[in-house]
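Sequence positions, counted from 1, serve as the residue numbers for this chain.
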Amino acid sequence: MLFMVIERFRDRDPIPVYRRVRDEGVKFPDGLTYLGSWIEPNFDRCFQLMQCDDARLLQEWVLNCQSFGMTFEIVPVVPSQETREVVAPFLDRD
């Protein structure tokens with residue numbers, strides 16, 4: 001399954017997070033795969049696309065990141081192509 005993880009930097013300050021990542025690296029539980037991330041220009045939020053088959057791995061990762069100074073929102077997502085396949089049979093219905 002895919003998950004969009006929305007992180008909020010405390011006080012829009014990414015420095016503590018980036019410092020810790022630089023010094024200690026990022027550790028993900030086995031089975032949790034980081035696919036990519038995007039940061040808002042004002043440093044408010046980071047959007048990370050993650051993949052795993054067991055949502056408990058996300059819970060473990062969030063608990064391990066508690067001291068980073070961020071909050072987390074986790075949203076299950078479906079790729080657009082897969083959604084188009086589901087929606088396609090309904091497009092011509094009246």
Side-chain angles (χ1 to χ4, degrees):
M1 292 183 67
L2 292 175
F3 297 89
M4 180 62 67
V5 177
I6 304 166
E7 302 176 4
R8 287 193 176 273
F9 297 108
R10 182 180 296 144
D11 300 323
R12 292 186 174 161
D13 183 6
I15 300 303
V17 174
Y18 277 82
R19 185 176 289 131
R20 186 165 176 183
V21 168
R22 179 197 66 194
D23 296 345
E24 300 177 24
V26 179
K27 298 171 183 79
F28 297 110
D30 288 340
L32 178 60
T33 304
Y34 165 86
L35 299 175
S37 61
W38 302 263
I39 311 291
E40 284 185 311
N42 65 358
F43 301 114
D44 187 29
R45 296 179 296 178
C46 172
F47 301 89
Q48 293 191 43
L49 188 60
M50 308 288 271
Q51 185 174 27
C52 65
D53 293 327
D54 185 348
R56 293 176 296 178
L57 296 173
L58 286 161
Q59 292 174 323
E60 179 182 339
W61 175 65
V62 167
L63 289 172
N64 285 327
C65 293
Q66 284 183 323
S67 63
F68 278 27
M70 298 179 300
T71 60
F72 296 86
E73 178 182 356
I74 299 171
V75 181
V77 295
V78 178
S80 295
Q81 178 59 39
E82 292 178 24
T83 300
R84 280 193 296 272
E85 292 168 6
V86 169
V87 171
F90 295 88
L91 294 178
D92 294 324
R93 289 187 182 178
D94 290 333

Shared hydrophobic cluster for [X] and [Y] (ILVMFWY, side-chain gaps under 4.5 Å):
{"X": "Val26", "Y": "Phe9", "answer": "yes"}
{"X": "Ile39", "Y": "Phe3", "answer": "yes"}
{"X": "Met4", "Y": "Tyr34", "answer": "no"}
{"X": "Ile6", "Y": "Val17", "answer": "no"}
{"X": "Val78", "Y": "Val75", "answer": "no"}

| request: Look at atom CG of Asn42 and say whether more than 12 heavy atoms of other residues, nucleotides or ligands are closer to it than 6.0 Å. | output: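 Yes, because the 6.0 Å sphere around CG of Asn42 holds more than 12 heavy atoms from other groups.
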| query | Does atom CZ of Phe43 have more than 12 heavy-atom neighbours, drawn from other residues, nucleotides or ligands, at distances under 6.0 Å? | reply |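 No, because the 6.0 Å sphere around CZ of Phe43 holds 12 heavy atoms or fewer from other groups.
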| Tyr18 side, atom OH; Asp23 side, atom CG - distance, nearest 0.5 Å |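 Nearest 0.5 Å value for the OH-CG distance: 14.5 Å.
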| query | To the nearest 0.5 Å, how far apart are CE in Met50 and CG in Leu2? | reply |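 One finds 11.0 Å between CE of Met50 and CG of Leu2.
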| task | Return each pair, listed once, that meets side chain to side chain donor-acceptor pair (under 3.5 Å) where at least one residue sits in residues 59-68; pairs must be two or more places apart or across chains. | result |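 For residues 59-68, and leaving out neighbouring residues, the side chain to side chain donor-acceptor pair (under 3.5 Å) pairs sorted by first residue read Arg20-Ser67.
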Min side-chain heavy-atom separation [X]-[Y] under 4.5 Å:
{"X": "Glu7", "Y": "Phe68", "value": "no"}
{"X": "Phe72", "Y": "Val5", "value": "yes"}
{"X": "Trp38", "Y": "Leu49", "value": "yes"}
{"X": "Ile74", "Y": "Val62", "value": "yes"}
{"X": "Met1", "Y": "Asp53", "value": "no"}

| Counting only N and O atoms by type, is there a donor-acceptor contact under 3.5 Å from the side chain of Asp54 to the main-chain atoms of Arg56? |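 It does hold such a pair.
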| query | Counting only N and O atoms by type, is there a donor-acceptor contact under 3.5 Å from the side chain of Glu40 to the main-chain atoms of Arg45? | reply |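 Present.
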| said: Tell me the closest heavy-atom pair linking Val86 and Pro89, and the distance in Å. | reply: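 Distance-wise, the nearest heavy atoms are O-CD, 3.3 Å.
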| task | State, to 0.1 Å, how close Cys46 and Ser37 come at their nearest heavy-atom pair, and which atoms those are. | result |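 What the structure gives for the nearest pair is SG-CB, 4.1 Å.
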| By the rule that ILVMFWY residues connect when side-chain heavy atoms come within less than 4.5 angstrom, directly or transitively, which residues belong alongside Leu91? |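 Besides Leu91, the hydrophobic cluster comprises Val87, listed by chain and residue number.
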